[in-house]
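Below, chain A is the first sequence line, B the second, and so on; all start at residue 1.
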Protein chains: 4
Amino acid sequence: MAGSTKDSLMQAAVRLFAAKGIDGTTTREIAAAAGVTEGAIYRHFVGKEALVEEIFHRHYLPFAAELDAARGTAEGAEAELRAVVRRVYAAFDRDRDLFAFLLLAQHGPMRRIADGAATPVRVIEKLVRAGQRAGTIRRMDARLATQIVLGAVLQPATGSLYGEVSPPLIAIADQVAEAAWRAIAG
Amino acid sequence: MAGSTKDSLMQAAVRLFAAKGIDGTTTREIAAAAGVTEGAIYRHFVGKEALVEEIFHRHYLPFAAELDAARGTAEGAEAELRAVVRRVYAAFDRDRDLFAFLLLAQHGPMRRIADGAATPVRVIEKLVRAGQRAGTIRRMDARLATQIVLGAVLQPATGSLYGEVSPPLIAIADQVAEAAWRAIAG
Amino acid sequence: MAGSTKDSLMQAAVRLFAAKGIDGTTTREIAAAAGVTEGAIYRHFVGKEALVEEIFHRHYLPFAAELDAARGTAEGAEAELRAVVRRVYAAFDRDRDLFAFLLLAQHGPMRRIADGAATPVRVIEKLVRAGQRAGTIRRMDARLATQIVLGAVLQPATGSLYGEVSPPLIAIADQVAEAAWRAIAG
Amino acid sequence: MAGSTKDSLMQAAVRLFAAKGIDGTTTREIAAAAGVTEGAIYRHFVGKEALVEEIFHRHYLPFAAELDAARGTAEGAEAELRAVVRRVYAAFDRDRDLFAFLLLAQHGPMRRIADGAATPVRVIEKLVRAGQRAGTIRRMDARLATQIVLGAVLQPATGSLYGEVSPPLIAIADQVAEAAWRAIAG
DNA sequence: CATGAATGAGCATTCATTCAT
DNA sequence: AATGAATGAATGCTCATTCAT
């Protein structure tokens, strides 16, 4: 299959980035983990930064679209939120390394890239604003409400990475969705 | 004045770490920002890692103690939570760089250090368990409830660093405390 | 050609080590003398110390074996000593830098390595003990007799490095061998 | 007493130089071993090199004079040699560190300094030339004969530093002197 | 005399990247 | 496509030395 080495590199990079950070991971380590030499990286990516960006693009924006689609299938803000949380935790359970990478990449060099785009944050914000218009979500700053929900949902995922919460996360999805809902319900 | 250079170094380091990450900040940069040469770092710290650890120790554990004290002055879990959130946001407003550093250092090399100790996380957990015993907080996994509250409180701080929420945070402390409370209230 | 850069590095290192000592020679200088950049050193050696050790291993123990072989071809301790001295001085004339390096490395970090092994010192000691059993060498502490012979043979080589004795040393090999022999003959 | 710190520094330096070489010993280590701070070194010496030179001057040339005096009290080359060896080994037994330093300093930066001067080497050479004139020492290149004797005498000292020969050396002085004498006797 | 903080040049080593094969 | 050798800049750190106190 075409791109086998490229995939190995991206997979190895995700694992290492999740464990040691982007700056803390060297090209040598990535190559070694993928079973190739450093030079091979540059056959598939312009450089380390491009490798990071490609992983991010390949997963972050599609993930936002996936989330938005899940939201669209539900009726009412509460059901939408439950659908979104389920989808987030399913993604987490599917590939923890990738999720951890996405979590930390947002604080790093990916800030600009994710700026205007349809990110997961914007999906939740849309949901919040619709709920407020419908009167089911309390009147408060929508950006703030979004951050509160985001934190309530993502922090258990982070906590799971560090052993504070037991996997799989899908098992607690509805519980968290309900808690997040009460936090902002009108 | 005692410790002037050492303090300059720590202050400069916090600012740079918050902006570019620990691995992304060089000793050269820290020294330049503090107005000294690199060698001076090593008169005050064993190495870069020791500098990171000293900043962490000097602020993280004391911060947890401060939080626990704030919690102790309030009556009932709801009031306790409000007091804790106020204290957290006051700390954030006081020194955003330091708060940002503390936030990211937890994911990095500080994990072990903060392990058993009386961390902010444990302060909230204590509050949650007490509330559950008193029947004011819903019966659910205490660790999970802690993570939900933690996320609801800290994510707005993170969002503030990235322009999603307007400073000062103290202005929204009670609002957030109330939202976090509803999320877990019985 | 195999190992060209590696060989250049080792050759350059030997020359510089002989002239300025191991601690007194920098990786910068070695790389420059070999016509490469510093980084190239680390493709071939784990570090500076490993470079020193590899030079030592590649020459010191083989040299001991060569000496032992020369000893084995002669009959009687006196002839053996003459054969050994000839071989030592031939090696010196062949590569003075290498010999100088071997001489000084023995006092430095190579002490342990050469400890139990079949070193040149042990070759001479074997010769001495055999001579004593045969009655051609005086009864005295074999270790001491070995050191006396060793000094009588090596000091002219050291002296040659400093202009006290004219090269080539092979020209005085028999003379020195005879003097060393008389020193310990029965 | 005046010069107490200076003496401590020189004594500490000798010990460290003997153990780790001159380049391998740092000013920090010397200061620490002497119980002062680095700055104190520069109150007594222009720099590290001056410290090395002062130790060398204070001991090497006086030692040569002592040797020459010892030689002068004996009658005939053989007796002279015995007197010299006794004095050398007595010096070794008195301060092994100092002797080891002197031994290695000769290969290092002290070469020029010791060049024209009345060094121990020249004392032995004088003895050899006189013996050759008197007919008691074989006719051979005097510089070579000097090196042979030098090696036969000093190598057991070096060997003693490395555990090949048991101290005290004064116990084997006459034995070594006799061996060295036979090596060059007519 | 001695300290302790600071310097600035230099150290061994590592990095992301290039390129001939 | 991939390798393996090489680069050159940068990294964290150490060195001998200086100097105000």
Side-chain angles (χ1 to χ4, degrees), chain A residues 2-6 8-9 23-31 34-52, chain B residues 2-6 8-9 23-31 34-52, chain C residues 2-6 8-9 23-31 34-52, chain D residues 2-6 8-9 23-31 34-52:
Chain A
S4 182
T5 290
K6 187 169 185 178
S8 299
L9 282 167
D23 283 335
T25 300
T26 70
T27 51
R28 199 203 285 268
E29 289 169 326
I30 297 169
V36 296
T37 56
E38 283 185 87
I41 293 176
Y42 297 86
R43 190 76 34 193
H44 299 283
F45 307 94
V46 167
K48 186 188 180 183
E49 196 171 331
L51 166 56
V52 171
Chain B
S4 188
T5 291
K6 186 168 186 179
S8 299
L9 282 167
D23 284 336
T25 300
T26 69
T27 51
R28 217 89 90 186
E29 289 169 325
I30 296 169
V36 296
T37 55
E38 274 186 279
I41 293 176
Y42 298 88
R43 184 154 308 275
H44 299 284
F45 307 95
V46 166
K48 186 189 178 182
E49 198 173 328
L51 166 56
V52 171
Chain C
S4 188
T5 291
K6 186 169 186 176
S8 299
L9 282 167
D23 285 333
T25 301
T26 70
T27 51
R28 212 97 86 191
E29 289 169 325
I30 296 168
V36 296
T37 55
E38 277 186 277
I41 293 176
Y42 298 86
R43 184 155 308 275
H44 299 285
F45 308 95
V46 166
K48 186 188 179 184
E49 199 173 328
L51 166 56
V52 170
Chain D
S4 182
T5 291
K6 186 169 185 176
S8 299
L9 282 168
D23 283 335
T25 300
T26 69
T27 50
R28 197 202 286 268
E29 290 169 325
I30 297 169
V36 294
T37 56
E38 282 185 88
I41 294 176
Y42 298 85
R43 191 79 32 192
H44 298 283
F45 307 95
V46 166
K48 186 188 179 185
E49 196 171 332
L51 166 56
V52 171

Query - Atom-to-atom span, CZ of D/F45 to P of F/dT18 - whole angstrom - result: 15 Å
Query raised in the report: Just how far, in rounded Å, is C1' of F/dA16 from CG of D/L9?
Result: 14 Å
Find every protein N or O atom lying less than 3.5 Å from an N or O atom of nucleotides 2-6 of chain E, and list the pairs.
| unit_1 | atom_1 | unit_2 | atom_2 | d |
| --- | --- | --- | --- | --- |
| E/dA2 | OP1 | D/T5 | OG1 | 2.5 |
| E/dA2 | OP2 | D/H44 | NE2 | 2.7 |
| E/dA2 | N7 | D/R43 | NE | 3.1 |
| E/dA2 | N7 | D/R43 | NH2 | 3.2 |
| E/dA2 | N6 | D/R43 | NH2 | 3.0 |
| E/dT3 | OP2 | D/T37 | N | 2.9 |
| E/dT3 | OP2 | D/T37 | OG1 | 3.0 |
| E/dT3 | O5' | D/T37 | OG1 | 3.3 |
| E/dA5 | N7 | B/R43 | NH1 | 3.4 |
| E/dA6 | OP1 | B/T5 | OG1 | 2.2 |
| E/dA6 | OP2 | B/H44 | NE2 | 2.7 |
| E/dA6 | N7 | B/R43 | NE | 3.0 |
| E/dA6 | N7 | B/R43 | NH2 | 3.3 |
| E/dA6 | N6 | B/R43 | NH2 | 3.1 |

Report summary line: When every non-hydrogen atom of B/A40 is compared with those of B/L9, the smallest separation belongs to O-CD1, 4.2 Å
Query - Contacts of C/T25 that satisfy side chain to side chain donor-acceptor pair (under 3.5 Å) - sequence neighbours left out - result: none
Report task. Starting from C1' on E/dC11, measure out to CD on C/E49 and report it in whole angstrom. Result -> 15 Å
**Report entry** Secondary-structure notation, DNA chain F, from Watson-Crick and G-U pairs under 3.5 angstrom (| other strand)
**Finding:** .||||||||||||||||||||
Query raised in the report: Can you find a side chain N or O atom of D/Y42 that sits less than 4.0 Å from OP1 or OP2 on F/dT17?
Result: yes
Query raised in the report: What does D/T26 touch in the nucleic acid at a heavy-atom separation under 4.0 angstrom: a base, only the sugar-phosphate, or nothing?
Result: sugar-phosphate
Requested in this report: Using whole Å, report how far CZ of C/R28 lies from P of E/dG10.
Outcome: 9 Å
Query raised in the report: Quick one: D/D23 CG to E/dG10 C1', roughly how many Å, whole number?
Result: 14 Å
Report task. Among residues two or more places apart or on two chains, list those pairs meeting side-chain hydrogen bond (donor to acceptor under 3.5 Å, both in side chains) that have a residue in residues 35-47 of chain C. Result -> C/T27-C/E38, C/R28-C/E38
Requested in this report: Return the set of residues passing salt bridge (charged side-chain N to carboxylate O under 4.0 Å, His left out) with D/E49 (not counting sequence neighbours), or none when no residue passes.
Outcome: none
Query - Rounded distance [0.5 Å steps], OG1 in C/T26 versus NZ in C/K48 - result: 7.0 Å
